[in-house]
**Q** 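First, the structure itself, so that you have it in front of you.
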Amino acid sequence: MTNRPVRVRLAPSPTGTPHIGTMRQAIFDWLLARKTGGKFVLRIEDTDRNRFVPTALEEIEASLRWLGLNWDEGPEVGGPHEPYFQSERLPLYKEAARKLIADGHAYECYCTPERLDQMRARQRELKEPPHYDGRCRTEEGRAAAKAEAGDRRPVVRFFMPDEGETVVSDFVRGEITFENARLDDAVLLKSDGFPTYHLAMPVDDHEMEISHVIRNEEWLPSAPLHRRIFDALGYELPVFVHTASILGPDRSKLSKRHGAQSVLEYRDAGYLPEAVFNFLGLLGWSLDDKTEIISREEFIQHFTLDRIQKSPGIFNIEKLNWMNAEYMRLMPVERLAALLIEWLERPESEGGLPSNAARPLDFDYTARIVPLVRERVKLLPEARDMMAFFYLPDGVEPDPAQLLGKTFRDNRSRAQLLLSEALVAADQVEGWSHEALEAAFRDLATRMDAKPGDLFMLMRVALTARTVAPPLFETMEIIGKERSVERLRVAVNLL
RNA sequence: GGCGCCAUCGUCUAGGGGACCAGGACGGAGCCCUCUCAAGGCUCAAACCGGGGUUCGAAUCCCCGUGGCGCUACCA
């Protein structure tokens with residue numbers, strides 16, 4: 001256990017769009033840092049030149065920013081341990097490798113990839129676990145390999161003892177013992193001079209004074225290797241916490257074929273960052289037996305490593321949807337209005353309002369609509385259809401069949417009569433409030449000997465061209481007398 | 001195959017020897033409310049992977065099985 005100041009890091013490799021599990025990890029890191037007054041550092045593990053994706057860094061940063069996870073050190077912001085890109089820290093790794101060789105903990109290996117492939121194939125045939133056979137561990141073997149290698153540069157391998165065991169201590173899982181004989185002589189420095197993760201991670205975590213390493217459980221099998229490298233280099237061990245994976249509905253690790261696997265996709269689908277943060281923070285961590293909706297501040301206040309779940313969890317999108325809807329209802333009207341306006345002002349093809357709705361949208365007007373709509377949608381873009389008729393200057397275009405519905409399908413004249421009476425009543429309403437409107441139209445229904453629901457549905461379709469819409473009288477109050485009357489008139493003429 | 005991790009309702013989880021005929025939430029079913037749709041309220045169905053121990057007592061501790069997942073690269 002360490003009592004160093006808390007310094008945690010997220011160390012993604014820029015090989016594609018950051019995975020949602022990476023972001024969940026980032027949340028845990030960030031929470032621990034904020035809770036303890038420690039530092040959250042972002043370090044880019046770009047040591048694999050073959051898999052490098054130029055846009056990945058941008059996406060990593062965008063994901064973190066969208067979730068509100070600010071990093072104290074790293075790209076953009078700098079910090080005392082610059083640079084934060086491993087590709088710019090090569091001398092450090094080279095020196096560490098040199099030291100390990102000098103101390104007998106590592107050795108140069110000249111074996112060609114071809115030989116290694118053959119070796120592993122043979123081992124598989126013999127039903128042996130594939131592992132490096134240690135040819136270059138000895139002076140003679142190395143010389144022979146070097147002769148075959150031509151002018152190839154060697155790699156540096158870690159010298160894993162053949163006997164004994166290595167104990168790894170994980171904060172939530174306890175002590176895990178590995179037999180050294182089962183561990184491989186891992187490559188530390190590749191022939192291109194770049195380090196592998198196994199070397200870069202201990203060097204940088206030590207160099208950057210990282211106190212807690214929170215990473216996914218897929219790293220557990222290589223944890224003993226890392227422990228031995230830390231020891232061989234004389235570094236103090238950080239606290240390790242291996243988090244359980246996030247699974248798809250079929251229990252395999254969440255991946256492309258499960259649909260969205262990046263928080264950016266959730267952003268683009270109209271989820272709220274608050275909801276995604278809350279949901280991810282509660283996937284693999286819990287406060288107690290009740291808490292579901294929890295603010296960022298409460299998260300920080302209560303977060304502890306020991307409540308991290310050991311078992312993998314399935315990403316339950318239904319629950320995220322519910323949570324998103326909760327946040328839409330919980331958040332200040334103004335914030336939701338602003339968020340919604342962003343969506344509505346987009347071109348229609350990108351989920352915005354039809355082009356005849358005038359941009360920019362009026363903020364105050366939208367804010368009045370929000371309370372009516374927020375109860376009825378789960379995602380931001382869903383609001384578009386539920387809101388469009390509030391903004392259309394030329395009215396809506398209900399089709400007659402929709403207007404009549406089942407109730408008046410065989411009684412068109414009755415519908416027409418009711419609507420024209422509604423038109424008259426609307427014109428006469430004193431004080432255009434939803435209370436006054438409701439009183440007036442309930443009265444009309446009574447006078448006409450009609451079921452209120454039948455009358456209201458007729459009016460609803462006339463005013464919105466929809467059978468599912470926000471409450472009728474609040475809607476009329478907002479669109480105003482003039483437009484209401486006009487739309488009723490159009491509907492009467494339609495029949 | 002070898003090694004490792006994990007195991008409570010369909011899902012996320014609470015629980016960590018007696019408070020548990022196992023609690024909450026999502027989803028599902030039903031009822032109520034109701035101008036549509038929602039939201040809300042109430043109710044219901046739904047789980048301790050199996051077997052052995054330890055113990056007066058096990059969801060909880062131990063062992064074995066089984067199952068799921070991961071790792072087994074000059075990827076991270």
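To find a chain, count down the sequence lines: A is the first, B the second, and so on, and within it residues start at 1.
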**Q** Determine whether the side chains of A:Glu165 and A:Thr177 contain a donor N or O and an acceptor N or O closer than 3.5 Å.
**A**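 A:Glu165 vs A:Thr177: no donor-acceptor pair found between side chains.
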**Q** Taking NZ, NE, NH1 and NH2 as the nitrogens, is one of them in A:Arg115 or A:Asp133 under 4.0 Å from a carboxylate oxygen of the other?
**A**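 A salt bridge is present here (some side-chain N lies under 4.0 Å from a carboxylate O).
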**Q** Hey, which sits more toward the 5' end of RNA chain B by its nearest nucleotide, A:Thr291 or A:Ala469?
**A** A:Thr291
**Q** What about A:Lys319: does its side chain form a donor-acceptor pair under 3.5 Å with the base of B:rC12?
**A**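 Flag set: donor-acceptor pair detected.
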**Q** Taking B:rA25 as the reference, what is the distance to B:rC69 when you measure between their P atoms (whole Å, please)?
**A**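 Here B:rC69 and B:rA25 have their P atoms 31 Å from each other.
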**Q** Taking atom P in both B:rU8 and B:rU13, what distance in whole Å separates the two?
**A** 9 Å
**Q** Any donor-acceptor pair under 3.5 Å joining the side chain of A:Arg376 to the base of B:rC37?
**A**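 It does, because a donor-acceptor pair links the side chain of A:Arg376 to the base of B:rC37 below 3.5 Å.
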**Q** Does any nucleotide pair with B:rC49 by Watson-Crick or G-U wobble geometry, both distances under 3.5 Å, and what is it?
**A**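 Matched B:rC49 with B:rG65 under the 3.5 Å cut-off.
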**Q** Please tell me if the side chains of A:Phe171 and A:Ile214 come closer than 4.5 Å, counting only heavy atoms from C-beta onward.
**A** no
**Q** With both distances under 3.5 Å as the test, what is the Watson-Crick or G-U wobble partner of B:rA25?
**A** B:rU11
**Q** Between B:rC74 and B:rA59, how many Å separate the two C1' atoms, rounded to a whole number?
**A**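 B:rC74 and B:rA59 have their C1' atoms separated by 48 Å.
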**Q** Inspect the contact between A:Glu108 and A:Lys146 and indicate whether a charged nitrogen and a carboxylate oxygen are less than 4.0 angstrom apart.
**A** no
**Q** Between B:rU60 and B:rG1, how far apart are the two P atoms, rounded to whole Å?
**A**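 Each nucleotide's P atom is 29 Å from the other's.
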**Q** Can you tell me the base-pairing partner of B:rU72? Count Watson-Crick or G-U wobble geometry only, both distances below 3.5 Å, and say none if there is no partner.
**A** B:rG1
**Q** Expressed as a whole number of Å, how far does the C1' atom of B:rA14 sit from that of B:rC9?
**A** 13 Å
**Q** Could you give the CG-to-C1' distance, from A:Leu126 to B:rG2, as a whole number of Å?
**A**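 Taking CG of A:Leu126 and C1' of B:rG2, I get 14 Å after rounding.
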**Q** Return no unless some side-chain N or O of A:Arg215 is found under 4.0 Å from OP1 or OP2 of B:rG70.
**A** no
**Q** Please measure how far the P atom in B:rC31 lies from the corresponding atom in B:rA58, and state the result in whole Å.
**A**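 42 Å, rounded to whole Å.
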**Q** Do A:Glu292 and B:rG24 share a donor-acceptor pair, side chain to base, under 3.5 Å?
**A**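 Result: at least one qualifying N/O pair found.
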**Q** Applying a 3.5 Å limit to both distances, which nucleotide forms a Watson-Crick or G-U wobble pair with B:rG40?
**A** B:rC32
**Q** Tell me which of A:Glu128 and A:Leu220 sits closer to the 5' end of RNA chain B, going by the nucleotide each one is nearest to.
**A** A:Glu128
**Q** Specify the separation, in whole Å, of atom CD of A:Glu435 and atom C1' of B:rC35.
**A** 15 Å
**Q** For A:Pro195 and A:Ala200, work out which heavy atoms get closest and say how close.
**A**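 Scanning both residues completely, I find the closest heavy atoms to be CG-CB, 3.9 Å.
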**Q** Less than 4.5 Å apart, side chain to side chain, heavy atoms only: is that true for A:Pro18 and A:Met23?
**A**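 Yes, close enough: below the 4.5 Å cut-off.
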**Q** Would A:Ile317 and A:Tyr266 count as a side chain to side chain contact (heavy atoms under 4.5 Å, CB included) if you check the C-alpha gap in whole Å, the side-chain angles of each, and the deciding distance to 0.1 Å?
**A** CA-CA 11 Å; A:Ile317 193 135; A:Tyr266 287 93; 3.7 Å; yes
**Q** Would you call A:Arg98-A:Glu95 a salt bridge at under 4.0 Å N-O?
**A**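 Answer for the salt bridge query: yes.
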**Q** Does the cation-pi check pass for A:Arg228 over A:Phe158, that is, NZ or CZ under 6.0 Å from the six-membered ring centre and within 45° of its axis?
**A** no
**Q** Rounded to whole Å, how long is the line connecting atom CD1 of A:Ile294 with atom C1' of B:rC12?
**A**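 The answer, rounded to whole Å, is 15 Å.
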**Q** What is the distance, rounded to the nearest whole Å, between atom CZ of A:Arg460 and atom P of B:rC37?
**A**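 In whole Å, B:rC37 P and A:Arg460 CZ are 9 Å from each other.
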**Q** For atom P, what is the distance between B:rC5 and B:rC64, given to the nearest Å?
**A** 12 Å
**Q** Could you run through nucleotides 71-76 of chain B and give me one letter per nucleotide, 5' to 3': B if any protein heavy atom sits under 4.0 Å from the base, S if only the sugar-phosphate is that close, - if neither?
**A** SSSBBB
**Q** State whether A:Gln309 places a side-chain N or O below 4.0 Å from either non-bridging phosphate oxygen (OP1 or OP2) of B:rA14.
**A**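 For A:Gln309, the contact criterion (side-chain N or O under 4.0 Å from OP1 or OP2 of B:rA14) is met.
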**Q** How close or far is atom P of B:rG10 from atom CH2 of A:Trp322, stated in whole angstroms?
**A**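 Distance check: A:Trp322 CH2 to B:rG10 P gives 20 Å.
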**Q** What's A:Pro312 touching, base or sugar-phosphate or nothing? Going by heavy atoms closer than 4.0 Å.
**A** sugar-phosphate
**Q** NA contact type, A:Glu326, heavy-atom cut-off 4.0 Å: base, sugar-phosphate, or nothing?
**A**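 Answer is sugar-phosphate: A:Glu326 comes under 4.0 Å of backbone atoms only.
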**Q** Scan A:Phe178 against the nucleic acid and name what it touches under 4.0 Å (heavy atoms): base, sugar-phosphate only, or nothing.
**A** sugar-phosphate
**Q** Under a 3.5 Å limit for both distances, which nucleotide forms a Watson-Crick or G-U wobble pair with B:rU54, could you say?
**A** none
**Q** Give A:Leu472 one of three labels, base, sugar-phosphate or nothing, depending on what nucleic acid heavy atoms sit under 4.0 Å from its own.
**A**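 The residue A:Leu472 makes base contact.
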**Q** For nucleotides B:rA46 and B:rA22, find the distance between their C1' atoms and express it as a whole number of Å.
**A** 13 Å
